[in-house]
Amino acid sequence: MYRNNSIPASELLRKLALVGVVLFGGLATDPFGGEQFVATAAAGENAGVPGAFLRYGSSARGLALGNAMTAIADDAASSYWNPAGYARLRTMELTAMSATLFEDTQYTFFTLGLPTERHGSFAINGAFLSSGSFERATLFEDLGETFGESSSFLGLAYAYKFGRLTWGVNLKTVSQQVAGAKGAGFGADVGLYIRPHRTLSFGLSLQNALAPELTLDQGAEKFARTMRAGTALHLFRNRIVVSTDLVRTDNMDVNLRSGIEVWPTRQFGLRTGYDAVREQSGFGAAFRWENWQLDYTYLDHDLGGTQVVSATFRFGVPYGVKMRRDRGLFSPSGENRSVHFGIDTAVTGKVESWRLEIVDPEGNLVRTLSGNGPPPEGVEWKGDDDQGRLVADGRYQVHITVLDGMSEEWDYESSVEVLGFADRTRSPIRVEISGGKENSTNEGKQR
């Protein structure tokens, strides 16, 4: 992250409170009965392997892409699959997903990532799965009692970036409770990410590299390790992303996951993917508005369908560059004769160059400003074109683009309205005052 985008403490607390209320309102519901998601997972990927709840998913986006996220890892939630991805965050980011499954089973996931300018990225993440009202019974009789079950983990992650290579580790505590029996253990996930070119990235992660071991009643239970290797193509300035993962879990066969994401506009995206081990297809959509993002996914499998919703809030500058204007209307010949655009950047690595373009209502380019390195903190426009002439009245689009060290472009667009004389035929005149005249004028003022 190039520039420090600090937020006042009062504003930060207010936003965190708002995020806490709204994000956890994201709810996944199943109109077909709710049993399908867990049942399919148990029959496919989990197959009785310990620690299955750690592989449910972290966001509606990931589920739509078949959880093929190892080589994407560009948001806080996808970094759950590869902790090295936390180093790619451009600003502080919070994601939450809450899903209602079956038999009063509730699954919740959250993650908060905090990148720093020089000291890597820090994150906290966790998940909680709870079920209740299971009936106790023996082979011969119903005992007339019920019991509950819950599983959870809480993790602290750190990631660091060396040029185009990043690494990350997620330290976590895992706990489980079944019918009054409790157990807890400690584990760790590790990951690597490399992007040799702006269009290509690779990821490698090992979940439960340090495998948690729990003892509930008599025997100890060790969680299974899961190795993920993935690749992703980033096309048309990340407007299209295609990802593929190969996944190998202990005591299970290697399986394939793949997905594709398309953003026709900055605000709206579409996704689809396939998870071979679950034999599950995903179809999803995303909506962005400033710092907010909502993701929806419909999962289709043999037992029916499941709907999932998650939400993300990004603090500061969410898309690499952002522009602020001090007024939406000005008159070059009136009292307010200019508009000021404040510019903030937040890209991974350094900014190579920047370019600001002003376009008239007919789509003609009237003014261009550019330079190498990061852009200035602000730019003032007095309603003139590249030749110094005042422009005509109308609404003008202002577009800024920054180029990062990966030759990847980040842009932002604003607009401003110019209101002055309806028909201008004059051009600005520069008047220079000689030293002698200036002195005589000053003498006159002194008298």
Side-chain angles (χ1 to χ4, degrees), residues 1-8 11 91 237 265-267 289-291 316-347 350-404 409-442 444-445:
M1 189 160 47
Y2 180 81
R3 185 172 297 163
N4 182 17
N5 298 293
S6 60
I7 304 173
E11 183 181 357
T91 184
R237 293 168 54 190
T265 68
R266 180 193 290 273
Q267 290 76 29
W289 178 254
E290 293 296 334
N291 296 63
V317 183
Y319 303 116
V321 63
K322 188 173 184 178
M323 207 163 33
R324 298 166 283 102
R325 64 187 185 188
D326 61 352
R327 56 176 56 91
L329 171 67
F330 78 102
S331 174
S333 56
E335 182 178 354
N336 298 318
R337 299 193 174 191
S338 65
V339 59
H340 182 272
F341 294 98
I343 303 172
D344 297 312
T345 59
V347 300
K350 63 180 181 179
V351 177
E352 293 288 347
S353 61
W354 64 278
R355 182 180 180 88
L356 186 143
E357 298 177 333
I358 302 176
V359 179
D360 67 15
E362 286 74 37
N364 301 313
L365 183 64
V366 298
R367 186 70 190 272
T368 301
L369 298 171
S370 62
N372 295 322
E377 294 185 358
V379 171
E380 186 180 33
W381 184 45
K382 297 182 179 181
D384 54 345
D385 61 15
D386 286 330
Q387 285 72 45
R389 300 169 298 192
L390 296 180
V391 300
D393 292 353
R395 178 165 292 277
Y396 287 75
Q397 300 298 316
V398 183
H399 187 93
I400 186 168
T401 303
V402 298
L403 189 71
D404 66 15
E409 293 182 345
W410 304 90
D411 60 355
Y412 192 89
E413 189 171 277
S414 184
S415 65
V416 65
E417 187 172 355
V418 175
L419 180 62
F421 297 110
D423 183 18
R424 289 196 183 95
T425 57
R426 63 185 179 89
S427 298
I429 300 175
R430 178 177 296 176
V431 178
E432 296 183 0
I433 302 175
S434 64
K437 291 183 179 180
E438 184 177 1
N439 292 336
S440 63
T441 302
N442 291 336
K445 288 182 180 180

I'd like to know if the side chain of [X] reaches the main chain of [Y], judged simply by a donor and an acceptor atom lying under 3.5 Å from each other, with no hydrogens or angles considered.
| X | Y | answer |
| --- | --- | --- |
| R327 | H340 | no |
| N336 | S331 | no |
| R266 | D411 | yes |

In sequence, state the C-alpha distance, the side-chain angles, and the governing distance for K322 and E290, and then conclude on side chain to side chain contact (heavy atoms under 4.5 Å, CB included). CA-CA 10 Å; K322 188 173 184 178; E290 293 296 334; 3.9 Å; yes
Partners meeting ring-ring contact (aromatic ring centres under 6.0 Å, His included) with Y396 (sequence neighbours left out):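 Y396 satisfies ring-ring contact (aromatic ring centres under 6.0 Å, His included) with W381 once adjacent residues are dropped.
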List for me each residue that meets ring-ring contact (aromatic ring centres under 6.0 Å, His included) alongside W410, sequence neighbours excluded, and say none if there are none.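 ring-ring contact (aromatic ring centres under 6.0 Å, His included) list for W410, sorted by chain: empty.
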Residues that R337 engages under side-chain contact (heavy atoms from CB on, under 4.5 Å), provided they are two or more places apart: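 Partners of R337 under the side-chain contact (heavy atoms from CB on, under 4.5 Å) test: none.
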Report the C-alpha distance between T91 and V317 in whole Å, list the side-chain angles of each, state the deciding distance to 0.1 Å, and finish with yes or no for side chain to side chain contact (heavy atoms under 4.5 Å, CB included). CA-CA 6 Å; T91 184; V317 183; 5.7 Å; no
Return each pair, listed once, that meets salt bridge (Lys or Arg N to Asp or Glu O under 4.0 Å) where at least one residue sits in residues 365-376; pairs must be two or more places apart or across chains.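 Every salt bridge (Lys or Arg N to Asp or Glu O under 4.0 Å) pair that includes a residue of residues 365-376, provided the two are not neighbours, is R367-D384, R367-D386.
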Return a table of donor-acceptor pairs under 3.5 angstrom between the side chains of residues 412-419 and protein atoms on other chains or two or more places apart.
from, atom 1, to, atom 2, distance (Å)
E413, OE1, H399, ND1, 3.4
S415, OG, R395, NH1, 3.1
E417, OE1, R395, NH2, 3.3

Worked check of side chain to side chain contact (heavy atoms under 4.5 Å, CB included) between T401 and E357: CA-CA 9 Å; T401 303; E357 298 177 333; over 6 Å; no
State which residues pass side chain to side chain donor-acceptor pair (under 3.5 Å) with D326; sequence neighbours excluded, sorted by chain then number.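 In terms of side chain to side chain donor-acceptor pair (under 3.5 Å), with neighbours along the sequence ignored, D326 is linked to no residue.
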